[in-house]
Protein chains: 2
Amino acid sequence: MNRSEIKIERIITYRRILLKLYNDGEKNIFSYQLANKCQVSSAQVRRDLMDIGYSGSPANGYEVQCLIKSIAEFIDPDKKQGIALVGLGNLGRAIIDYFNGQSLKLEIVALFDKNPNKINRVIAGCHSYHINDLKEIIIKNNIKTAVISVPSTDAQQVADVLVDGGIKGILNYAPIILNVPDSIYVQNRDMITTLEKVSYFANYNNK
Amino acid sequence: MNRSEIKIERIITYRRILLKLYNDGEKNIFSYQLANKCQVSSAQVRRDLMDIGYSGSPANGYEVQCLIKSIAEFIDPDKKQGIALVGLGNLGRAIIDYFNGQSLKLEIVALFDKNPNKINRVIAGCHSYHINDLKEIIIKNNIKTAVISVPSTDAQQVADVLVDGGIKGILNYAPIILNVPDSIYVQNRDMITTLEKVSYFANYNNK
DNA sequence: TTTATGCTGTGAAAATAATCACAATGTGAA
DNA sequence: TTCACATTGTGATTATTTTCACAGCATAAA
Ligand SMILES: NC(=O)c1ccc[n+]([C@@H]2O[C@H](COP(=O)([O-])OP(=O)(O)OC[C@H]3O[C@@H](n4cnc5c(N)ncnc54)[C@H](O)[C@@H]3O)[C@@H](O)[C@H]2O)c1
Ligand SMILES: NC(=O)c1ccc[n+]([C@@H]2O[C@H](COP(=O)([O-])OP(=O)(O)OC[C@H]3O[C@@H](n4cnc5c(N)ncnc54)[C@H](O)[C@@H]3O)[C@@H](O)[C@H]2O)c1
């Protein structure tokens with residue numbers, strides 16, 4: 001069974017769409033319908049679902065609820081996962097206000113900053129701590145995933161502390177490439193790179 | 001010459017790193033050094049640079065300044081590109097405060113919202129308009145790229161207006177998959193999907 | 001029952017992407 | 001000059017990802 005990044009991302013996207021369908025009361029869906037909704041081919045959908053071990057029926061397609069359950073078994077951790085967020089600036093606050101409640105198994109449970117004015121507060125139900133306490137707190141709470149939203153000047157040192165505290169996955173919004181051990185999964189979400197790419201294809205696709 | 005998304009993204013990333021090196025006064029770099037800094041193989045770097053038509057020297061590697069210029073010729077639009085941003089909530093404001101000045105050829109030049117309290121203002125040097133005026137303004141300013149940061153309930157209708165106004169590329173932060181013509185390039189940046197992926201690999205890589 | 005229909009699941013093929021591996025080359029030391 | 005060396009540029013190879021295409025199947029209609 002292949003667990004490449006691109007496949008996992010598609011499967012997570014299927015679930016997002018299926019959850020919406022489920023809320024709308026849909027009971028069944030065919031591969032080509034799911035495919036349309038997320039702009040992949042129906043063969044791709046069937047292949048992906050085959051890989052997670054879920055089977056549909058030729059006549060009724062896939063059962064939305066069962067499929068959601070199968071994806072959860074394939075993707076989700078057993079227990080709820082706490083997430084740490086470092087950097088309570090504009091972006092960090094936008095994320096906190098937005099994220100909790102959006103994902104079944106994931107929750108931001110600890111916030112960190114170095115600015116004394118921003119620590120020891122409760123933002124969107126979540127406590128903020130000084131960055132110096134990070135290691136202790138993420139170990140105590142068994143936090144394995146973190147979001148970095150500090151300026152790029154500070155991102156590497158924050159990453160070092162996170163790694164030291166046992167973090168295994170980082171979502172990095174700072175526009176630098178972090179130097180971390182190979183065993184750590186890093187997802188960079190640099191907006192400059194992204195917009196440059198979008199702008200490139202906006203122009204290039206229409207020459 | 002191959003212009004796949006993944007290759008373009010790498011090339012844009014090379015430039016980001018090269019610009020930093022250039023500011024630090026670096027004159028030359030070898031493929032393996034650039035490769036290290038962005039976690040790809042040196043063969044990959046050489047292949048990518050070959051594809052954009054830039055040649056280094058075996059003894060000195062690549063000249064940082066020339067390489068930046070070659071990448072610009074390959075990637076950049078001829079003229080500065082204006083970008084529209086729709087949705088002046090938490091995320092939208094964080095983006096405006098952050099983005100302008102970060103990229104040489106790209107600039108957010110028009111903001112849109114539907115809330116009357118948020119229109120006809122200047123935020124970070126940029127004017128905000130009512131969403132109803134979007135088409136007129138993006139046409140007048142020849143805007144081809146837009147950022148969507150409205151709630152997911154409104155994202156599709158915003159996308160429709162953008163497409164109607166001639167937008168060719170969209171960076172979408174709302175957690176839905178937009179339905180747009182094939183000729184429009186869309187980059188989704190749904191944070192829930194992303195964090196679920198990071199959490200998955202944080203756990204899975206260390207089973 | 002039987003048959004027609006329109007899916008699924010999946011080997012096989014095709015397309016795409018990454019790596020290998022090495023001749024060619026420019027440089028500096030002797 | 002000559003030679004040793006480290007790196008480039010790239011054809012060939014390998015790996016990965018996607019698509020094709022169709023047998024097999026569940027259902028509904030006759
Ligand atoms: N604002 C955006 O939309 C946006 C988009 C993409 C990327 N980014 C990136 O995200 C990061 C944050 O952006 P922002 O606009 O929120 O910046 P900001 O300056 O508003 O906030 C940064 C926060 O990080 C804190 N901080 C700084 N150093 C720290 C450290 N060592 N430890 C702990 N906390 C520390 C600061 O006290 C501040 O609260 C930047 O790297 C930026 O490039 C921002
Ligand atoms: N906050 C985050 O960090 C974050 C992260 C990822 C994704 N998102 C997504 O980004 C979007 C915005 O998030 P937010 O936290 O800024 O929300 P928000 O509610 O703070 O802001 C939304 C803004 O969009 C405006 N708006 C709504 N409908 C509109 C329309 N039809 N036309 C023009 N403007 C309209 C509203 O007036 C408001 O100003 C949401 O889809 C959210 O899911 C947010």
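Sequence lines set the chain letters: A, B, ... in the order given, protein chains first and strands last, and positions in each chain run from 1. The basis for the numbers below is simple: all heavy atoms, side chains too, and nothing from hydrogens, waters or symmetry mates.
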Test: side chain to side chain donor-acceptor pair (under 3.5 Å). Region: residues 11-21 of chain B. Which pairs qualify, not counting sequence neighbours? B/Y14-B/D48, B/R15-B/D76

Please list all pairs passing the salt bridge (Lys or Arg N to Asp or Glu O under 4.0 Å) test where one or both residues lie in [range], with sequence neighbours left out.
| range | answer |
| --- | --- |
| residues 23-41 of chain B | none |
| residues 91-106 of chain B | none |
| residues 124-142 of chain B | B/K135-B/D164 |

What residue pairs, at least two apart or across chains, pass ring pair (Phe, Tyr, Trp, His ring centres under 6.0 Å) with a residue in residues 123-171 of chain A? A/F112-A/Y129, A/H127-A/Y129

Any pair counted as ring pair (Phe, Tyr, Trp, His ring centres under 6.0 Å), so long as it reaches residues 167-188 of chain A, sequence neighbours left out: A/Y185-B/F201

Check salt bridge (charged side-chain N to carboxylate O under 4.0 Å, His left out) between A/D160 and all other residues, then give those that pass, not counting sequence neighbours. none

Mind checking salt bridge (charged side-chain N to carboxylate O under 4.0 Å, His left out) for A/K197 and listing every partner two or more places apart, or none if nothing turns up? B/E5, B/E9

Letter by letter from the 5' end, nucleotides 12-25 of chain C scores (B base, S sugar-phosphate only, - none; protein heavy atoms under 4.0 Å) B----SSB-B---B

Start and end of the DNA chain D segment that chain A contacts, any atom under 4.0 Å from a heavy atom: D/dT17 to D/dT27

Computed from five pairs at either end and rounded to 10 degrees, the angle between the axes of the helix from C/dT1-D/dA30 to C/dA30-D/dT1 is 10°

May I ask you to list the residues of residues 26-37 of chain A, by number, that have any heavy atom positioned under 4.0 Å from an atom of DNA chain C? A/F30, A/S31, A/Y32

